[in-house]
Amino acid sequence: MAELFAGLMSGTSLDGVDGVLAEFSATGIPKVVSHAYRAFPEALRDELLALNSSGPDELHRSALAASTLATLYVEVVDELLVLAKVKASAVRAVGSHGQTVRHRPTLGYTWQINNPAVLAERSGIAVVADFRSRDVAAGGQGAPLVAAFHRALFGCAGETRAVLNLGGISNLTALLADGQTTGFDCGPANVLMDLWSLRHTGQRFDADGTWAASGTIQPPLLEVLLKEPYFTAPPPKSTGRDLFNAHWLADRLQRHGVACSSEDVQATLCELTALTCTRAIKAHAGDASELLVCGGGALNKHLMRRLAVHLPGMAVRLTDDRGLPAQHVEAAAFAWLAYRHLHGEPGNLSAVTGAMGPRVLGALYPA
Ligand SMILES: Nc1ncnc2c1ncn2[C@@H]1O[C@H](COP(=O)(O)OP(=O)(O)OP(=O)(O)O)[C@@H](O)[C@H]1O
Ligand SMILES: [Mg+2]
């Protein structure tokens, strides 16, 4: 019998919450039945961003932010139910990722602000949360966690395919023809472009990449940006705002030392995303027949064009072409991870995260 699960994702871009309600057949493959999105109110976004670095009274402020976040999550779940015309009692569980404010797997932790108890209480639906900690406890990076889902959904026997998620951070899943899967975070996708756009144009993001397209790539600056050791470190690896943030960019612009126009910097940041992703793809899925792109960055037409330029001979397309809209993939992955939890099945791929083995991920908050 088909089962309904919801998934909620609010990622490093700090743009808002994506939610999907998905129907799982006995094969465990989801079909999205509704999608809802809520942008973060300005004050919440600012507080979440502030909580990414150390500051006063963090425990108290995190708890308050988690409650505000949970209220938003409840609204998204309510909307998913209304759109799909189903009752809360028909949904087995919500997979709720929470909001990452620190990701330090090498120090033994990754921290997502979340209040699953409030979400369970107010939605009347069981919640599975804290997916990453168990993988970290097993020696893994706790990220990226979407690789197993990408394999289940987009894998094709005998064919190599690459899946690239362009959120705040970019992550690659290489689905190899022999059935092996590798993957890791490539580097910044939108996080630096977004902060540069906000600072110089007042816009939260560069819609369609139009502003980046109006600038000229500055090779010497690009070279300075590419010197970041993370880009050439071997996988398993994962990253976040802990590394790629305003300080990182200011430091590199200072090292470069030559003044550039703001649109030239944006063009160069876009190229940094395109190059770090395509180098990773060539190194780990060079024989892929197609690259499937998802996440908000898939809407950046200039970035999509730059990916295609660097990957001649590879079909660069949206996951929409393989049955799941680019904006639904990450939230659907957390619905899938909740499904796996309730079925007692592992959610991680140790070949990707570096964990000691497969683990059932998350903690359950009953309805
Ligand atoms: N029309 C658009 N043109 C260009 N960029 C866009 C557009 N729409 C969204 N984006 C980019 O996508 C980002 C949001 O993407 P998404 O929600 O996938 O990232 P995320 O929240 O960091 O998720 P995750 O961590 O799960 O990957 C925005 O911050 C913006 O940079
Ligand atoms: Mg988002």
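Heavy atoms only: backbone and side chains are in, while hydrogens, waters and symmetry mates are out. Both ligands and their constituent atoms are indexed starting at 1 by order of listing.
Ranked by closest heavy atom to atom 29 (O) of ligand 1, the top entry among D194, N190, D15, D206 is D194. Distances from atom 22 (O) of ligand 1 to the heavy atoms of G296, S13, A298 show the closest one on S13. Among F40, Y37, W211, F205, the residue whose heavy atom lies closest to atom 30 (C) of ligand 1 is F205.
The M9 neighbourhood of ligand 1 comprises atoms 25 (O), 26 (O), with distances under 4.0 Å to a heavy atom of that residue. Each of the following atoms of ligand 1 lies closer than 4.0 Å to a heavy atom of A207: 3 (N). Less than 4.0 angstrom separates some heavy atom of G295 from each of these atoms of ligand 1: 18 (O). The atoms of ligand 1 that sit less than 4.0 Å from any heavy atom of E330 are 26 (O), 27 (O).
Between Y73 and F334, the gap from one ring centroid to the other reaches at least 6.0 Å.
Within the 4.5 Å cutoff, the side chain of V17 has no heavy atoms near those of the Y37 side chain. Counting only heavy atoms from C-beta outward, the side chains of Q218 and L222 never approach each other to under 4.5 Å. Counting only heavy atoms from C-beta outward, the side chains of H256 and P220 approach each other to under 4.5 Å.
Looking at D15 and R204, no side-chain N of the basic residue comes within less than 4.0 Å of a carboxylate O on the acidic one, giving no salt bridge. A salt bridge links D208 with K301: the closest approach of a Lys/Arg side-chain nitrogen to an acidic carboxylate oxygen falls below 4.0 angstrom. Using a cut-off of 4.0 Å between Lys/Arg side-chain N and Asp/Glu carboxylate O, E223 and R252 are scored as not salt-bridged. At a threshold of 4.0 Å, the pair R61-D57 does not count as salt-bridged, since none of the basic side-chain nitrogens sits closer than that to a carboxylate oxygen. A salt bridge does not link R45 with E47: none of the charged nitrogens is closer than 4.0 Å to a carboxylate oxygen.
Residue pairs meeting the ring-ring contact (aromatic ring centres under 6.0 Å, His included) criterion with at least one member in residues 259-318, sequence neighbours excluded: F184-H284.
Neighbouring protein atoms of the Mg ion (ligand 2) (N, O or S, distance under 2.8 Å, waters ignored): D15 OD1.
For ligand 1, the polar-atom distance check against G168 finds a nitrogen or oxygen pair separated by under 3.5 Å.
The nearest heavy-atom contact from the protein to atom 25 (O) of ligand 1 is G11 CA, 3.2 Å. At the top of the distance list for atom 8 (N) of ligand 1, counting protein heavy atoms only, stands L299 CD1, 3.5 Å. Nearest protein neighbour of atom 27 (O) of ligand 1, counting heavy atoms only, is N165 ND2, 2.9 Å. Of the protein's non-hydrogen atoms, D208 N, 2.8 Å is the one closest to atom 3 (N) of ligand 1.
The side-chain hydrogen bond (donor to acceptor under 3.5 Å, both in side chains) with D251 is formed by just one residue from the set Q254, R255, H247; it is R255.
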